[in-house]
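Note that the numbering runs from 1 along the sequence shown for the chain. What you see is a predicted model, and the numbers here were worked out from it, not measured in a lab.
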Amino acid sequence: MSIFMMAAIGTGAKKQIKNAVVPEPESELKKRNEELEKELKESKEREEQMRRQLQSAWERLRVAEEAEERLCSQLGELEAEAVYQARDYHDRIVSLMEQLSRAQRLIHEAIPSYST
C-alpha cells in the first residue's frame, strides 16, 4: 500500500469517529428527561386551560342562543299585538267617521236651506 492510500484510510476513520453517536452521560439524559416531562406537564396544563375556555365559550353561546330565541318570540308577540291594536284603531276611526257623517247629514236635514 502506498502512503497516500493509508492517509486516505486514516482520514476516513477519523470522520467515522466524529459522526458516530456518542452516548450521553446518564445525568444529561435525566436532565433532558426532566425538561421533557416539564414541557409535557405545561402542555397538558395549557390544553386543560383551553378546554375550560372552550367549555365557557360554548356555555356563553348556548345562553346567547336561548336569549335570542326568547327575544324573537317576544318580538313576534309584540308585532301581533301591534297589528291587533292598529286594526282596532282603524275600526274605531271608521266608526267615528261614520258617526260624524250621520251627524252632518242630520244637521243639513234639520236646518232649512237658505238658497231662496
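Between Glu98 and Arg102, some side-chain heavy-atom pair lies under the 4.5 Å cut-off. Using a 4.5 Å heavy-atom cutoff, the side chains of Glu68 and Cys72 are in contact. Side-chain atoms of Glu59 and Val63, non-hydrogen and from C-beta on, do get closer than 4.5 Å to each other. When side chains are defined from C-beta on, Glu109 counts as touching Leu106, because their heavy atoms get closer than 4.5 Å. With contacts defined as side-chain heavy-atom distances shorter than 4.5 Å, the pair Met50/Leu54 does not qualify. Contact check for Leu100 versus Leu96: no side-chain heavy atoms found under the 4.5 Å cut-off. Here the side chains of Glu66 and Arg70 are in contact, with some heavy-atom distance below 4.5 Å.
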Query raised in the report: Going through the checks in order, is the side-chain hydrogen bond (donor to acceptor under 3.5 Å, both in side chains) test met by Arg105 and Ser101?
Result: CA-CA 6 Å; Arg105 227 182 2 252; Ser101 293; 5.7 Å; no

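Rounding to the nearest 0.5 Å places CG of Leu29 at 11.0 Å from CD of Glu34. Within the model, atoms CG of Asp88 and CD of Glu81 stand 10.5 Å from one another, a figure rounded to the nearest 0.5 Å. To the nearest 0.5 Å, atom CD of residue Glu37 and atom NZ of residue Lys30 are 12.0 Å apart. In this structure, the separation between CG on Leu36 and OG on Ser43 is 12.0 Å, given to the nearest 0.5 Å. Taken from CZ in Arg51 to CZ in Arg46, the straight-line distance is 13.5 Å, to the nearest 0.5 Å. For the atom pair NZ (Lys31) and CD (Glu26), the distance works out to 15.0 Å, reported to the nearest 0.5 Å.
The pair Arg32-Glu35 meets the salt-bridge criterion, since a charged nitrogen lies less than 4.0 angstrom from a carboxylate oxygen.
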